[in-house]
Asker: 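Sharing a structure below in structure tokens format, with a few things to ask.
Keep in mind that the numbers below use all heavy atoms, side chains included, and drop hydrogens, waters and symmetry copies. On a predicted model such as this, the values are computed, not experimentally measured, just so you know.
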Number of protein chains: 2
Amino acid sequence: MKSSKILLVDDEEDILDLLEYNLSKEGYTVKTALNGKQAIEVANEFLPDLIIMDVMMPEMDGIEACGEIRKNKLLANTIITFLTARGEDYSQIAGYDAGADDYITKPIKPKVLFSKIKGLLRRASVEAELVEETATMRIDREKYIVIQKGVEISLPKKEFELLALLMSRPNNVFTREKIFASVWGDDIVVGDRTIDVHIRKLREKIGDEYIKTVKGVGYKFVEVED
Amino acid sequence: MKSSKILLVDDEEDILDLLEYNLSKEGYTVKTALNGKQAIEVANEFLPDLIIMDVMMPEMDGIEACGEIRKNKLLANTIITFLTARGEDYSQIAGYDAGADDYITKPIKPKVLFSKIKGLLRRASVEAELVEETATMRIDREKYIVIQKGVEISLPKKEFELLALLMSRPNNVFTREKIFASVWGDDIVVGDRTIDVHIRKLREKIGDEYIKTVKGVGYKFVEVED
DNA sequence: TTTAATATTAACTCAATGTTAACCCACCAT
DNA sequence: ATGGTGGGTTAACATTGAGTTAATATTAAA
């Protein structure tokens, strides 16, 4: 299984380092940011499953950043959790308004934190899993096949991941950057045409009508009607 | 397929009625209970596959009921899902401790709920039974042999374990990591080619067509048609 | 109409896997 | 002990096909 991606945001580097170390050891893929502004940048690239963010930060505070992040549709069901000092009650109300999913109070107790993270991600993973199914098509990660109108189609890795990504949000346009970041990874660099070729192969196998090109923007998966 | 049995537990009858109506329409067999105490009684009779239970209830709350239900061995692999208001985070940790499998936050979005239910039930049914026997092949752990179309084939330990693993979920892809973890153990480290060699020997003995390579992902056992 | 973005095709590259044979070692019989 | 046997591993090399690229054609937006 792909390891869950967590973005940590706090202005105290000590805390960041500590958490990053522990979470990496638990098998998560971790990135960090020092303030809200950075957090938004990193989040748009990294597409984390979970963001743990301090409320009080310089540059841009957590509440504001949360609001910004929620504007990005790709991050719509990213879980956002605030770190807050015990008793900062008002932030809780403001935070939920901004779209936070949960709170963790400082001082942080690792055990509580990990159990909470696990729970949150589990919830998310169940939710994420079901986006891989539309009226005529279903992704089966276990068997690594796509079932289209009852017919099993086996796809090579990259094509499979690409389709899974597009299907995860039907009708949503994915830019090339997002596709690269998600299917290839931030570090790997490949030419621009590579993506077209994979799209083509996919269209060849599942039918042209499922993947639509939005010129100058990206690609999207559309559910076809009979 | 037998229709899955779902037990709904909530003190608000409106919600119960609504959910019962919708889930029945989806083809599930549904029973309801108004509190934890009732839930336990009904569960012991009804033996549901899935229990959806509110956390906050009179008489006996969800957490307590969950703990009680987990004591009944007949209900050991019943899935329990809590309904919880957004942000009740204490209950989350307590709930997981009590043996909950998932959470659904209120307000309930029917579409989310139904797909979640579908996902949970599917996962459970897959995890339920491990296959030791397919149409043309049978594993005999006692005798440590494989019977293929009536012919006994004796295999060395590693090959046997490897085949047993792959066969346990036909068509499921097993990654190299999983195979190593399961056949060799997490601690033992062996070279990458080792696995290929065992696969090859297996293929030599049972026929190439039974084990399929999914490049970049892993291997899977497929049942061959005659 | 113009042009940048995308489609298409085929050739090529390279990492993942297949294959073979040699080697090590535990176990067993002599 | 000695030597044989076979499972398990490894190393070296071969093969394959997924993934990429390059070259060219086509398309849709301005």
Side-chain angles (χ1 to χ4, degrees), chain A residues 2 141 143-146 153-166 173-222, chain B residues 141 143-146 152-166 173-222:
Chain A
K2 213 181 64 182
R141 282 201 170 278
K143 297 182 180 166
Y144 224 82
I145 54 171
V146 178
I153 303 172
S154 73
L155 297 172
K157 198 174 170 188
K158 284 268 148 60
E159 284 168 44
F160 185 88
E161 297 297 344
L162 177 54
L163 177 60
L165 176 68
L166 295 179
V173 181
F174 289 81
T175 65
R176 280 157 183 277
E177 290 78 56
K178 310 273 169 177
I179 293 174
F180 279 135
S182 176
V183 177
W184 275 263
D186 289 319
D187 34 356
I188 290 138
V189 183
V190 290
D192 236 3
R193 293 280 66 68
T194 300
I195 223 168
D196 311 10
V197 174
H198 280 106
I199 292 284
R200 190 184 162 282
K201 286 180 181 167
L202 265 177
R203 282 172 170 161
E204 217 164 53
K205 287 170 188 168
I206 66 173
D208 284 357
E209 60 282 18
Y210 283 92
I211 300 173
K212 206 186 154 198
T213 304
V214 183
K215 207 165 179 175
V217 188
Y219 295 95
K220 65 167 151 180
F221 178 94
V222 291
Chain B
R141 284 204 170 275
K143 296 181 183 162
Y144 228 79
I145 55 169
V146 178
E152 295 192 353
I153 303 172
S154 76
L155 297 172
K157 194 173 168 190
K158 284 271 146 61
E159 284 168 45
F160 183 88
E161 297 296 347
L162 177 53
L163 177 59
L165 176 67
L166 294 179
V173 179
F174 290 82
T175 63
R176 279 159 183 275
E177 291 81 58
K178 276 188 187 156
I179 294 173
F180 279 136
S182 174
V183 178
W184 276 264
D186 287 317
D187 35 356
I188 290 138
V189 183
V190 290
D192 236 358
R193 294 280 66 68
T194 300
I195 221 167
D196 311 7
V197 174
H198 281 104
I199 291 284
R200 190 184 162 282
K201 286 180 181 167
L202 266 177
R203 281 173 170 161
E204 217 164 51
K205 287 169 189 169
I206 66 174
D208 282 0
E209 60 284 18
Y210 283 93
I211 300 174
K212 203 186 155 198
T213 304
V214 184
K215 212 169 179 175
V217 187
Y219 295 95
K220 63 162 121 175
F221 179 93
V222 291

Asker: Is any NZ, NE, NH1 or NH2 atom of the basic residue among A/E204 and A/R200 found under 4.0 Å from an Asp or Glu carboxylate oxygen of the other?
Answerer: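 So A/E204 pairs with A/R200 through a salt bridge.
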
Asker: Distance under 4.0 Å to a non-hydrogen atom of chain B counts as contact; along DNA chain D, which nucleotides mark the start and end?
Answerer: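 Here the contact window of chain B covers D/dG7 to D/dG17.
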
Asker: Given A/E159, which of A/K201, A/K205, A/H198 fulfils the side chain to side chain donor-acceptor pair (under 3.5 Å) condition?
Answerer: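 For A/E159, the side chain to side chain donor-acceptor pair (under 3.5 Å) check succeeds only for A/K205.
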
Asker: Got a salt bridge between B/D196 and B/R176, using NZ or NE/NH1/NH2 to carboxylate O under 4.0 Å?
Answerer: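 Salt bridge: yes.
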
Asker: Between A/R200 and C/dT9, is there a side-chain N or O to OP1/OP2 distance below 4.0 Å?
Answerer: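 Yes, such a contact exists.
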
Asker: Give A/F160 one of three labels, base, sugar-phosphate or nothing, depending on what nucleic acid heavy atoms sit under 4.0 Å from its own.
Answerer: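 The answer is nothing, as A/F160 stays clear of every strand by at least 4.0 Å.
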
Asker: Does OP1 or OP2 of C/dT17 have a side-chain N or O of B/R176 closer than 4.0 Å?
Answerer: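 Indeed, a polar side-chain atom of B/R176 lies that close.
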
Asker: If the condition is ring pair (Phe, Tyr, Trp, His ring centres under 6.0 Å), which residues does B/Y219 pass it with, not counting sequence neighbours?
Answerer: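 By the ring pair (Phe, Tyr, Trp, His ring centres under 6.0 Å) rule, B/Y219 matches no residue at all.
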
Asker: Which part of the nucleic acid, if any, lies within reach of B/T194 when heavy atoms closer than 4.0 Å are counted: base, sugar-phosphate only, or nothing?
Answerer: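 Base contact - B/T194 has a heavy atom under 4.0 Å of at least one base atom.
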
Asker: Which of these, B/I211, B/T194, B/L163, sits in a side chain to side chain contact (heavy atoms under 4.5 Å, CB included) with B/I199?
Answerer: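 When B/I211, B/T194, B/L163 are each tested with B/I199, the side chain to side chain contact (heavy atoms under 4.5 Å, CB included) holds only for B/I211.
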
Asker: Please classify the nucleic acid contact of A/K158 as base, sugar-phosphate, or nothing, using heavy-atom distances under 4.0 Å.
Answerer: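 It contacts sugar-phosphate atoms only.
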
Asker: On DNA chain C, does the nearest nucleotide to A/D208 precede the nearest nucleotide to B/E204 from the 5' side, or the other way round? Give the residue.
Answerer: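 The residue closer to the strand's 5' end, by nearest nucleotide, is A/D208.
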
Asker: Tell me the bend of the helix from C/dT1-D/dA30 to C/dT30-D/dA1 as the angle between end helix axes, each from five pairs, rounded to the nearest 10 degrees.
Answerer: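 The angle, to the nearest 10 degrees, is 30°.
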
